[in-house]
There are 2 protein chains.
Amino acid sequence: MARWKPDARGRLQRAALELFAERGFEQTTALEVAERAGVTERTFFRYFPDKREVLFDGAGELQRVIVESIDSAPATLAPIDVVGAAMQVGAGFLEGGREYSRQRAAVIAANPSLQERELLKLASLGAAVAEALRRRGAPELTAALAAEAGVSVFKIGFETWIGDDSAPEFRQCIRSALDQLTSLTAASTRTEQAPDSTTSGTPPQSAAPLSASPLSASPLSA
Amino acid sequence: MARWKPDARGRLQRAALELFAERGFEQTTALEVAERAGVTERTFFRYFPDKREVLFDGAGELQRVIVESIDSAPATLAPIDVVGAAMQVGAGFLEGGREYSRQRAAVIAANPSLQERELLKLASLGAAVAEALRRRGAPELTAALAAEAGVSVFKIGFETWIGDDSAPEFRQCIRSALDQLTSLTAASTRTEQAPDSTTSGTPPQSAAPLSASPLSASPLSA
DNA sequence: CCATCAATGTCAGTTACTGCCATCAGTCTA
DNA sequence: TAGACTGATGGCAGTAACTGACATTGATGG
(Lines give C-alpha, C1' and ligand atoms only; values in the text may rest on other atoms or scores of the structure.)
Protein backbone atom coordinates (compact mmCIF):
# COMPACT_ATOMS: atom_id res chain seq x y z
CA MET A 1 0.00 0.00 0.00
CA ALA A 2 2.07 2.89 1.29
CA ARG A 3 5.37 3.49 -0.42
CA TRP A 4 8.37 1.49 0.53
CA LYS A 5 9.75 2.63 3.90
CA PRO A 6 13.38 1.90 4.67
CA ASP A 7 14.87 0.82 8.03
CA ALA A 8 11.85 -1.14 9.21
CA ARG A 9 14.03 -2.88 11.77
CA GLY A 10 15.25 0.34 13.30
CA ARG A 11 11.79 1.82 13.38
CA LEU A 12 10.48 -1.28 15.11
CA GLN A 13 13.19 -1.07 17.72
CA ARG A 14 12.55 2.57 18.46
CA ALA A 15 8.79 2.12 18.53
CA ALA A 16 9.14 -0.83 20.88
CA LEU A 17 11.37 0.97 23.37
CA GLU A 18 9.06 3.98 23.39
CA LEU A 19 5.92 1.96 23.96
CA PHE A 20 7.48 -0.35 26.50
CA ALA A 21 8.74 2.66 28.43
CA GLU A 22 5.35 4.35 28.32
CA ARG A 23 2.92 1.53 29.06
CA GLY A 24 5.16 -1.31 30.07
CA PHE A 25 6.15 -4.43 28.18
CA GLU A 26 3.16 -6.62 28.92
CA GLN A 27 0.69 -3.83 28.35
CA THR A 28 2.06 -3.34 24.87
CA THR A 29 1.04 -5.56 21.99
CA ALA A 30 3.33 -6.65 19.21
CA LEU A 31 0.63 -5.35 16.91
CA GLU A 32 0.82 -1.89 18.49
CA VAL A 33 4.57 -1.76 18.09
CA ALA A 34 4.23 -2.77 14.48
CA GLU A 35 1.59 -0.14 13.81
CA ARG A 36 3.67 2.62 15.33
CA ALA A 37 6.52 1.50 13.13
CA GLY A 38 4.22 1.55 10.12
CA VAL A 39 4.34 -2.16 9.36
CA THR A 40 2.32 -5.30 9.96
CA GLU A 41 2.53 -7.57 12.97
CA ARG A 42 3.75 -10.28 10.66
CA THR A 43 6.64 -8.08 9.60
CA PHE A 44 7.58 -7.52 13.22
CA PHE A 45 8.02 -11.27 13.65
CA ARG A 46 10.04 -11.46 10.48
CA TYR A 47 12.65 -9.16 11.98
CA PHE A 48 12.53 -10.53 15.51
CA PRO A 49 11.94 -14.13 16.54
CA ASP A 50 9.85 -12.97 19.48
CA LYS A 51 8.49 -9.84 21.08
CA ARG A 52 11.31 -9.57 23.63
CA GLU A 53 14.14 -9.88 21.19
CA VAL A 54 13.44 -6.44 19.76
CA LEU A 55 15.27 -5.02 22.79
CA PHE A 56 18.37 -7.18 22.48
CA ASP A 57 19.63 -6.60 19.02
CA GLY A 58 23.02 -5.30 20.11
CA ALA A 59 23.98 -8.20 22.36
CA GLY A 60 25.74 -9.99 19.54
CA GLU A 61 27.93 -6.99 18.77
CA LEU A 62 28.95 -6.58 22.38
CA GLN A 63 29.86 -10.23 22.59
CA ARG A 64 31.88 -10.05 19.41
CA VAL A 65 33.86 -7.06 20.64
CA ILE A 66 34.68 -8.74 23.92
CA VAL A 67 35.67 -12.04 22.37
CA GLU A 68 37.90 -10.29 19.88
CA SER A 69 39.61 -8.51 22.72
CA ILE A 70 40.37 -11.83 24.36
CA ASP A 71 41.61 -13.40 21.17
CA SER A 72 44.01 -10.56 20.59
CA ALA A 73 45.35 -10.33 24.13
CA PRO A 74 49.03 -11.16 24.79
CA ALA A 75 49.45 -14.87 25.38
CA THR A 76 51.31 -14.34 28.63
CA LEU A 77 48.52 -12.48 30.42
CA ALA A 78 46.72 -14.38 33.20
CA PRO A 79 43.12 -15.40 32.38
CA ILE A 80 41.61 -13.08 34.99
CA ASP A 81 43.50 -10.14 33.55
CA VAL A 82 42.55 -11.03 30.01
CA VAL A 83 38.92 -11.14 31.01
CA GLY A 84 39.17 -7.96 33.02
CA ALA A 85 40.64 -6.11 30.07
CA ALA A 86 38.01 -7.53 27.74
CA MET A 87 35.21 -6.34 29.99
CA GLN A 88 36.65 -2.88 29.97
CA VAL A 89 36.68 -2.96 26.20
CA GLY A 90 33.06 -4.03 26.32
CA ALA A 91 32.33 -1.16 28.68
CA GLY A 92 33.95 1.23 26.23
CA PHE A 93 31.57 -0.10 23.62
CA LEU A 94 28.56 1.05 25.63
CA GLU A 95 30.11 4.10 27.23
CA GLY A 96 28.60 6.51 24.72
CA GLY A 97 24.96 5.65 25.28
CA ARG A 98 24.41 6.05 28.97
CA GLU A 99 20.94 7.59 28.69
CA TYR A 100 19.81 4.98 26.25
CA SER A 101 21.23 2.29 28.50
CA ARG A 102 19.37 3.76 31.44
CA GLN A 103 16.03 3.75 29.70
CA ARG A 104 16.50 0.28 28.36
CA ALA A 105 17.66 -1.03 31.73
CA ALA A 106 14.60 0.48 33.39
CA VAL A 107 12.28 -1.24 30.94
CA ILE A 108 14.01 -4.56 31.47
CA ALA A 109 14.10 -4.20 35.25
CA ALA A 110 10.34 -3.77 35.21
CA ASN A 111 9.61 -7.10 33.58
CA PRO A 112 10.75 -10.58 34.64
CA SER A 113 10.49 -12.08 31.19
CA LEU A 114 12.80 -9.38 29.86
CA GLN A 115 15.18 -10.05 32.71
CA GLU A 116 15.21 -13.67 31.69
CA ARG A 117 16.19 -12.79 28.18
CA GLU A 118 18.95 -10.51 29.39
CA LEU A 119 20.28 -13.22 31.64
CA LEU A 120 20.32 -15.59 28.69
CA LYS A 121 22.33 -13.09 26.68
CA LEU A 122 24.78 -12.72 29.53
CA ALA A 123 25.04 -16.49 29.83
CA SER A 124 25.77 -16.65 26.13
CA LEU A 125 28.46 -14.04 26.62
CA GLY A 126 29.92 -16.08 29.45
CA ALA A 127 30.01 -19.20 27.31
CA ALA A 128 31.73 -17.34 24.48
CA VAL A 129 34.30 -15.87 26.86
CA ALA A 130 35.01 -19.28 28.37
CA GLU A 131 35.49 -20.74 24.92
CA ALA A 132 37.87 -17.96 23.97
CA LEU A 133 39.90 -18.62 27.11
CA ARG A 134 40.09 -22.32 26.37
CA ARG A 135 41.25 -21.43 22.89
CA ARG A 136 44.28 -19.77 24.43
CA GLY A 137 45.06 -22.76 26.61
CA ALA A 138 43.19 -22.20 29.83
CA PRO A 139 42.02 -25.40 31.58
CA GLU A 140 38.31 -26.11 31.57
CA LEU A 141 37.55 -25.10 35.15
CA THR A 142 39.74 -22.03 34.96
CA ALA A 143 38.09 -20.85 31.78
CA ALA A 144 34.60 -21.35 33.16
CA LEU A 145 35.30 -19.54 36.41
CA ALA A 146 37.18 -16.66 34.86
CA ALA A 147 34.36 -16.20 32.36
CA GLU A 148 31.71 -16.20 35.07
CA ALA A 149 33.75 -13.78 37.13
CA GLY A 150 34.13 -11.49 34.16
CA VAL A 151 30.43 -11.46 33.40
CA SER A 152 29.63 -10.80 37.04
CA VAL A 153 32.02 -7.90 37.12
CA PHE A 154 30.53 -6.54 33.93
CA LYS A 155 27.01 -6.84 35.26
CA ILE A 156 27.78 -5.22 38.59
CA GLY A 157 29.89 -2.56 36.96
CA PHE A 158 27.02 -1.79 34.62
CA GLU A 159 24.54 -1.45 37.45
CA THR A 160 26.87 0.87 39.31
CA TRP A 161 27.42 2.99 36.24
CA ILE A 162 23.72 3.20 35.44
CA GLY A 163 22.40 3.57 38.92
CA ASP A 164 24.56 6.34 40.26
CA ASP A 165 24.62 9.74 38.60
CA SER A 166 27.82 10.60 40.38
CA ALA A 167 29.38 7.33 39.26
CA PRO A 168 32.52 7.56 37.17
CA GLU A 169 32.90 6.16 33.69
CA PHE A 170 31.74 2.65 32.97
CA ARG A 171 35.30 1.46 32.55
CA GLN A 172 36.13 2.85 35.95
CA CYS A 173 33.22 1.01 37.54
CA ILE A 174 34.49 -2.22 36.10
CA ARG A 175 37.97 -1.56 37.37
CA SER A 176 36.60 -1.04 40.86
CA ALA A 177 34.59 -4.24 40.77
CA LEU A 178 37.64 -6.10 39.54
CA ASP A 179 39.77 -4.82 42.39
CA GLN A 180 37.01 -5.56 44.83
CA LEU A 181 36.78 -9.13 43.60
CA THR A 182 40.51 -9.62 44.07
CA SER A 183 40.54 -8.39 47.63
CA LEU A 184 37.39 -10.36 48.36
CA THR A 185 38.87 -13.70 47.46
CA ALA A 186 42.18 -12.79 49.04
CA ALA A 187 40.37 -12.18 52.31
CA SER A 188 39.46 -15.83 52.71
CA THR A 189 40.49 -17.14 56.12
CA ARG A 190 39.11 -20.56 55.45
CA THR A 191 41.23 -23.46 56.64
CA GLU A 192 40.77 -26.90 55.11
CA GLN A 193 37.73 -27.23 57.34
CA ALA A 194 34.49 -27.77 55.43
CA PRO A 195 31.44 -26.32 57.11
CA ASP A 196 29.04 -28.71 58.77
CA SER A 197 26.75 -29.98 56.06
CA THR A 198 23.77 -30.13 58.37
CA THR A 199 24.22 -26.53 59.47
CA SER A 200 20.78 -25.58 58.33
CA GLY A 201 19.13 -28.70 59.55
CA THR A 202 19.09 -30.40 56.17
CA PRO A 203 19.59 -34.15 56.31
CA PRO A 204 22.51 -35.30 54.10
CA GLN A 205 20.44 -37.47 51.81
CA SER A 206 16.79 -37.00 50.91
CA ALA A 207 16.64 -33.49 49.53
CA ALA A 208 15.13 -32.31 46.27
CA PRO A 209 17.20 -30.90 43.38
CA LEU A 210 16.31 -27.53 42.00
CA SER A 211 12.79 -28.85 42.09
CA ALA A 212 10.33 -29.95 44.73
CA SER A 213 10.88 -32.82 47.08
CA PRO A 214 8.00 -35.00 45.90
CA LEU A 215 10.04 -35.86 42.86
CA SER A 216 13.52 -36.37 44.18
CA ALA A 217 13.80 -39.62 46.08
CA SER A 218 13.15 -42.42 43.61
CA PRO A 219 13.45 -42.00 39.84
CA LEU A 220 10.33 -39.89 40.16
CA SER A 221 8.35 -42.50 38.29
CA ALA A 222 5.65 -43.22 40.84
CA MET B 1 -16.34 -36.40 37.83
CA ALA B 2 -13.86 -38.99 39.06
CA ARG B 3 -13.24 -39.15 42.75
CA TRP B 4 -10.98 -36.66 44.38
CA LYS B 5 -7.33 -37.42 43.59
CA PRO B 6 -4.72 -36.15 46.03
CA ASP B 7 -1.34 -34.66 45.18
CA ALA B 8 -2.37 -33.11 41.90
CA ARG B 9 0.70 -30.87 42.07
CA GLY B 10 3.09 -33.75 42.45
CA ARG B 11 1.41 -35.71 39.66
CA LEU B 12 1.66 -32.72 37.37
CA GLN B 13 5.36 -32.34 38.12
CA ARG B 14 6.11 -35.96 37.43
CA ALA B 15 4.00 -36.05 34.28
CA ALA B 16 5.70 -32.92 33.01
CA LEU B 17 9.24 -34.18 33.53
CA GLU B 18 8.39 -37.48 31.87
CA LEU B 19 6.81 -35.90 28.82
CA PHE B 20 9.44 -33.19 28.48
CA ALA B 21 12.14 -35.85 28.64
CA GLU B 22 10.38 -38.02 26.06
CA ARG B 23 9.25 -35.54 23.44
CA GLY B 24 10.92 -32.32 24.46
CA PHE B 25 9.49 -29.24 26.13
CA GLU B 26 8.11 -27.45 23.10
CA GLN B 27 6.67 -30.59 21.59
CA THR B 28 4.67 -31.15 24.73
CA THR B 29 1.42 -29.34 25.34
CA ALA B 30 0.25 -28.14 28.73
CA LEU B 31 -2.94 -30.01 27.94
CA GLU B 32 -1.03 -33.25 27.46
CA VAL B 33 0.76 -32.86 30.77
CA ALA B 34 -2.53 -32.19 32.49
CA GLU B 35 -4.18 -35.23 30.91
CA ARG B 36 -1.37 -37.54 31.95
CA ALA B 37 -1.76 -36.18 35.46
CA GLY B 38 -5.48 -36.79 35.30
CA VAL B 39 -6.58 -33.17 35.57
CA THR B 40 -7.66 -30.35 33.30
CA GLU B 41 -5.41 -27.86 31.58
CA ARG B 42 -7.06 -25.19 33.69
CA THR B 43 -5.97 -26.99 36.82
CA PHE B 44 -2.40 -27.15 35.59
CA PHE B 45 -2.36 -23.36 35.44
CA ARG B 46 -3.87 -23.13 38.89
CA TYR B 47 -0.84 -24.88 40.33
CA PHE B 48 1.80 -23.28 38.13
CA PRO B 49 1.80 -19.74 36.78
CA ASP B 50 3.22 -20.96 33.49
CA LYS B 51 4.22 -24.12 31.69
CA ARG B 52 7.90 -23.78 32.57
CA GLU B 53 7.45 -23.26 36.25
CA VAL B 54 6.39 -26.86 36.75
CA LEU B 55 10.08 -27.77 36.62
CA PHE B 56 11.25 -25.20 39.16
CA ASP B 57 9.21 -25.86 42.21
CA GLY B 58 12.18 -26.56 44.47
CA ALA B 59 14.14 -23.40 43.76
CA GLY B 60 12.58 -21.60 46.68
CA GLU B 61 13.58 -24.31 49.11
CA LEU B 62 17.17 -24.31 47.93
CA GLN B 63 17.34 -20.56 48.29
CA ARG B 64 15.89 -20.68 51.77
CA VAL B 65 18.41 -23.26 52.92
CA ILE B 66 21.32 -21.24 51.57
CA VAL B 67 20.14 -17.95 53.02
CA GLU B 68 19.58 -19.54 56.41
CA SER B 69 23.12 -20.84 56.32
CA ILE B 70 24.42 -17.33 55.75
CA ASP B 71 22.27 -15.84 58.47
CA SER B 72 23.54 -18.34 60.99
CA ALA B 73 27.22 -18.10 60.08
CA PRO B 74 29.70 -16.72 62.63
CA ALA B 75 29.91 -12.94 62.37
CA THR B 76 33.68 -12.97 62.07
CA LEU B 77 33.82 -15.06 58.92
CA ALA B 78 34.82 -13.26 55.72
CA PRO B 79 32.01 -12.83 53.15
CA ILE B 80 33.62 -15.13 50.61
CA ASP B 81 33.92 -17.87 53.19
CA VAL B 82 30.36 -17.39 54.38
CA VAL B 83 29.14 -17.74 50.83
CA GLY B 84 31.38 -20.69 50.12
CA ALA B 85 30.04 -22.51 53.16
CA ALA B 86 26.46 -21.66 52.23
CA MET B 87 26.91 -23.06 48.73
CA GLN B 88 28.19 -26.29 50.20
CA VAL B 89 25.12 -26.46 52.36
CA GLY B 90 23.05 -25.93 49.25
CA ALA B 91 24.96 -28.69 47.54
CA GLY B 92 24.20 -30.98 50.44
CA PHE B 93 20.56 -30.21 49.86
CA LEU B 94 20.68 -31.62 46.35
CA GLU B 95 23.29 -34.29 46.93
CA GLY B 96 20.71 -37.05 47.33
CA GLY B 97 19.03 -36.69 43.95
CA ARG B 98 21.80 -36.90 41.41
CA GLU B 99 19.86 -38.94 38.85
CA TYR B 100 16.86 -36.70 39.12
CA SER B 101 19.11 -33.67 38.80
CA ARG B 102 20.66 -35.18 35.71
CA GLN B 103 17.39 -35.78 33.95
CA ARG B 104 16.08 -32.39 34.86
CA ALA B 105 19.29 -30.68 33.78
CA ALA B 106 19.15 -32.49 30.45
CA VAL B 107 15.61 -31.31 29.81
CA ILE B 108 16.54 -27.75 30.66
CA ALA B 109 19.72 -27.79 28.62
CA ALA B 110 17.66 -28.76 25.60
CA ASN B 111 15.45 -25.70 25.68
CA PRO B 112 16.46 -22.03 25.76
CA SER B 113 13.27 -20.84 27.39
CA LEU B 114 13.86 -23.29 30.25
CA GLN B 115 17.42 -22.06 30.50
CA GLU B 116 16.10 -18.56 30.85
CA ARG B 117 13.90 -19.56 33.72
CA GLU B 118 16.76 -21.34 35.45
CA LEU B 119 18.95 -18.29 35.05
CA LEU B 120 16.23 -16.17 36.60
CA LYS B 121 16.06 -18.51 39.58
CA LEU B 122 19.81 -18.30 39.99
CA ALA B 123 19.66 -14.52 39.75
CA SER B 124 17.02 -14.53 42.44
CA LEU B 125 19.29 -16.70 44.55
CA GLY B 126 22.13 -14.27 43.99
CA ALA B 127 20.00 -11.33 45.05
CA ALA B 128 18.91 -13.12 48.20
CA VAL B 129 22.49 -14.03 49.06
CA ALA B 130 23.64 -10.46 48.53
CA GLU B 131 20.89 -9.21 50.77
CA ALA B 132 21.83 -11.68 53.48
CA LEU B 133 25.43 -10.51 53.28
CA ARG B 134 24.42 -6.87 53.59
CA ARG B 135 22.35 -7.84 56.58
CA ARG B 136 25.52 -8.95 58.30
CA GLY B 137 27.31 -5.73 57.49
CA ALA B 138 28.98 -6.31 54.15
CA PRO B 139 29.31 -3.19 51.97
CA GLU B 140 27.13 -3.00 48.87
CA LEU B 141 29.76 -3.85 46.28
CA THR B 142 31.28 -6.58 48.41
CA ALA B 143 27.92 -8.22 48.96
CA ALA B 144 27.02 -8.12 45.29
CA LEU B 145 30.33 -9.56 44.15
CA ALA B 146 30.53 -12.25 46.78
CA ALA B 147 26.98 -13.29 45.95
CA GLU B 148 27.70 -13.47 42.23
CA ALA B 149 30.88 -15.42 42.91
CA GLY B 150 28.97 -17.85 45.08
CA VAL B 151 26.30 -18.47 42.49
CA SER B 152 28.92 -18.96 39.80
CA VAL B 153 30.74 -21.47 41.93
CA PHE B 154 27.49 -23.26 42.63
CA LYS B 155 26.57 -23.37 38.98
CA ILE B 156 29.96 -24.61 37.83
CA GLY B 157 30.18 -27.06 40.69
CA PHE B 158 26.77 -28.40 39.73
CA GLU B 159 27.75 -28.87 36.11
CA THR B 160 30.91 -30.69 37.13
CA TRP B 161 29.00 -32.93 39.51
CA ILE B 162 26.31 -33.72 36.95
CA GLY B 163 28.47 -34.03 33.89
CA ASP B 164 31.18 -36.33 35.13
CA ASP B 165 30.32 -39.81 36.38
CA SER B 166 33.69 -40.06 38.04
CA ALA B 167 33.18 -36.70 39.72
CA PRO B 168 33.25 -36.63 43.50
CA GLU B 169 30.45 -35.43 45.70
CA PHE B 170 28.69 -32.21 44.87
CA ARG B 171 30.18 -30.54 47.93
CA GLN B 172 33.61 -31.55 46.78
CA CYS B 173 33.02 -30.05 43.35
CA ILE B 174 32.11 -26.78 44.98
CA ARG B 175 35.18 -26.83 47.15
CA SER B 176 37.33 -27.30 44.07
CA ALA B 177 35.68 -24.44 42.24
CA LEU B 178 36.12 -22.25 45.27
CA ASP B 179 39.83 -22.99 45.49
CA GLN B 180 40.16 -22.49 41.78
CA LEU B 181 38.53 -19.08 42.03
CA THR B 182 40.90 -18.02 44.77
CA SER B 183 44.02 -18.97 42.85
CA LEU B 184 42.56 -17.41 39.71
CA THR B 185 42.17 -13.98 41.18
CA ALA B 186 45.44 -14.28 43.05
CA ALA B 187 47.19 -14.88 39.74
CA SER B 188 46.50 -11.39 38.50
CA THR B 189 49.66 -9.69 37.31
CA ARG B 190 47.86 -6.54 36.33
CA THR B 191 49.54 -3.27 37.19
CA GLU B 192 47.49 -0.09 37.48
CA GLN B 193 47.55 0.05 33.70
CA ALA B 194 44.12 0.01 32.08
CA PRO B 195 43.99 -1.67 28.67
CA ASP B 196 43.65 0.54 25.64
CA SER B 197 39.99 1.34 25.24
CA THR B 198 40.13 1.29 21.47
CA THR B 199 41.78 -2.12 21.39
CA SER B 200 39.01 -3.60 19.28
CA GLY B 201 38.56 -0.60 17.09
CA THR B 202 35.61 0.80 18.98
CA PRO B 203 35.49 4.60 19.06
CA PRO B 204 35.19 5.98 22.63
CA GLN B 205 31.80 7.57 22.16
CA SER B 206 29.06 6.52 19.73
CA ALA B 207 28.54 2.86 20.57
CA ALA B 208 25.27 1.08 21.14
CA PRO B 209 24.19 -0.20 24.58
CA LEU B 210 23.14 -3.76 24.92
CA SER B 211 21.03 -3.09 21.87
CA ALA B 212 21.64 -2.18 18.26
CA SER B 213 23.41 0.91 17.12
CA PRO B 214 20.52 2.54 15.24
CA LEU B 215 19.06 3.47 18.59
CA SER B 216 22.02 4.69 20.56
CA ALA B 217 23.13 8.14 19.46
CA SER B 218 20.34 10.57 20.30
CA PRO B 219 17.60 9.84 22.84
CA LEU B 220 16.42 7.30 20.30
CA SER B 221 13.42 9.47 19.50
CA ALA B 222 13.96 9.95 15.77
C1' DC C 1 7.31 -4.76 -21.50
C1' DC C 2 8.25 -8.94 -18.94
C1' DA C 3 10.69 -12.09 -15.59
C1' DT C 4 12.41 -11.84 -11.11
C1' DC C 5 13.39 -10.99 -6.43
C1' DA C 6 13.05 -9.03 -1.88
C1' DA C 7 10.18 -7.06 1.55
C1' DT C 8 5.41 -7.06 2.87
C1' DG C 9 0.63 -7.86 3.53
C1' DT C 10 -3.23 -11.34 4.39
C1' DC C 11 -5.25 -15.14 6.66
C1' DA C 12 -5.95 -19.10 9.11
C1' DG C 13 -4.48 -21.93 12.85
C1' DT C 14 -2.08 -23.53 17.24
C1' DT C 15 -1.09 -22.81 21.98
C1' DA C 16 -0.09 -20.46 26.27
C1' DC C 17 -2.59 -18.29 29.54
C1' DT C 18 -6.76 -15.78 32.08
C1' DG C 19 -11.32 -14.50 33.84
C1' DC C 20 -15.79 -16.03 35.10
C1' DC C 21 -19.06 -19.13 36.50
C1' DA C 22 -20.93 -23.85 37.47
C1' DT C 23 -20.27 -28.21 39.92
C1' DC C 24 -19.21 -31.40 43.57
C1' DA C 25 -17.80 -33.42 47.82
C1' DG C 26 -16.81 -32.69 52.65
C1' DT C 27 -17.74 -29.86 56.72
C1' DC C 28 -19.76 -26.86 59.95
C1' DT C 29 -23.93 -25.35 62.03
C1' DA C 30 -28.66 -24.29 63.36
C1' DT D 1 -30.68 -33.46 58.60
C1' DA D 2 -31.28 -29.38 55.56
C1' DG D 3 -28.60 -25.41 54.25
C1' DA D 4 -24.74 -22.47 54.02
C1' DC D 5 -19.83 -22.58 53.13
C1' DT D 6 -15.50 -23.77 51.32
C1' DG D 7 -11.79 -25.85 48.59
C1' DA D 8 -10.49 -28.00 44.38
C1' DT D 9 -12.07 -28.58 39.71
C1' DG D 10 -14.25 -28.63 35.17
C1' DG D 11 -16.00 -25.85 31.26
C1' DC D 12 -15.77 -22.18 28.18
C1' DA D 13 -14.90 -18.00 25.90
C1' DG D 14 -11.32 -14.73 24.80
C1' DT D 15 -6.65 -12.45 24.17
C1' DA D 16 -2.24 -12.38 22.29
C1' DA D 17 2.13 -14.53 20.83
C1' DC D 18 3.83 -16.87 17.09
C1' DT D 19 3.92 -19.65 12.48
C1' DG D 20 3.13 -21.43 7.76
C1' DA D 21 1.37 -20.77 3.20
C1' DC D 22 0.30 -17.74 -0.36
C1' DA D 23 -0.83 -13.29 -2.77
C1' DT D 24 0.97 -8.53 -3.81
C1' DT D 25 3.85 -4.86 -4.90
C1' DG D 26 7.78 -1.99 -6.23
C1' DA D 27 12.27 -1.82 -8.05
C1' DT D 28 15.59 -3.90 -11.21
C1' DG D 29 17.81 -6.04 -15.22
C1' DG D 30 17.32 -7.49 -19.85
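Just the heavy atoms: all of them, side chains too, but no hydrogens, waters or symmetry mates, feed the values below. To find a chain, count down the sequence lines: A is the first, B the second, and so on, and within it residues start at 1.
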When the distance from [atom1] of [X] to [atom2] of [N] is rounded to whole Å, what number comes out?
X	N	atom1	atom2	answer
A/Asn111	D/dA17	CG	P	12 Å
B/Phe44	D/dG11	CZ	C1'	18 Å
B/Lys51	C/dT18	NZ	P	14 Å
B/Phe45	D/dC12	CZ	P	18 Å
B/Arg42	C/dC17	CZ	C1'	8 Å
A/Glu35	C/dG9	CD	C1'	13 Å
B/Gln27	C/dA16	CD	C1'	15 Å
A/Phe48	D/dA17	CZ	C1'	16 Å

Separation between OG of B/Ser152 and CG of B/Leu145, rounded to the nearest 0.5 Å: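 These two atoms lie 10.0 Å from each other.
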Sugar-phosphate only, base, or nothing, as touched by A/Thr28 at under 4.0 Å among non-hydrogen atoms: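 A/Thr28: backbone/sugar contact only, no base atoms under 4.0 Å.
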Aromatic ring pairing A/Phe48/A/Phe44, orientation class (parallel under 30°, perpendicular over 60°, tilted between):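 Rings of A/Phe48 and A/Phe44: tilted, as their planes differ by 30° to 60°.
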Side-chain donor/acceptor of A/Arg104 to backbone N/O of A/Leu55, under 3.5 Å: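 Judged by distance alone, yes, a pair lies under 3.5 Å.
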Whether B/Arg52 side chain and B/Ser113 backbone form a donor-acceptor pair below 3.5 Å: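 Yes, B/Arg52 side chain to B/Ser113 backbone: donor-acceptor pair under 3.5 Å.
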side-chain contact (heavy atoms from CB on, under 4.5 Å), paired with A/Phe170, selected from A/Gln88, A/Glu95, A/Arg175, A/Arg98: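 Exactly one candidate clears the test, A/Glu95.
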Sole candidate of B/Glu41, B/Gln27, B/Arg23 that passes side-chain contact (heavy atoms from CB on, under 4.5 Å) when paired with B/Glu32: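 Per the side-chain contact (heavy atoms from CB on, under 4.5 Å) rule, the option paired with B/Glu32 is B/Arg23, out of B/Glu41, B/Gln27, B/Arg23.
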C/dT8 OP1/OP2 closer than 4.0 Å to side-chain N/O of A/Tyr47: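 A/Tyr47 to C/dT8 OP1/OP2: side-chain N or O found under 4.0 Å.
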Phosphate OP1/OP2 of C/dG9: any A/Thr43 side-chain N/O under 4.0 Å: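 The answer is yes; a side-chain N or O of A/Thr43 sits under 4.0 Å from OP1 or OP2.
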Taking the side chain of [X] as its heavy atoms from C-beta onward, which of [options] lies nearest to it?
X	options	value
B/Thr40	C/dT8, D/dG11, C/dA16	D/dG11
B/Glu41	D/dT9, C/dA16, D/dA17	C/dA16
B/Asp50	D/dA17, D/dG11, C/dC17	C/dC17

Residue whose closest nucleotide on DNA chain D lies nearer the 5' end, A/Arg46 versus A/Glu26: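 In this pair, the answer is A/Glu26.
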N-O pairing of A/Glu61 and A/Arg64 below 4.0 Å: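 Salt bridge flag = yes for A/Arg64 with A/Glu61.
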Five-pair end axes of the helix from C/dC1-D/dG30 to C/dA30-D/dT1 and the angle they enclose, rounded to 10°: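 Rounded to the nearest 10 degrees, the bend comes out at 10°.
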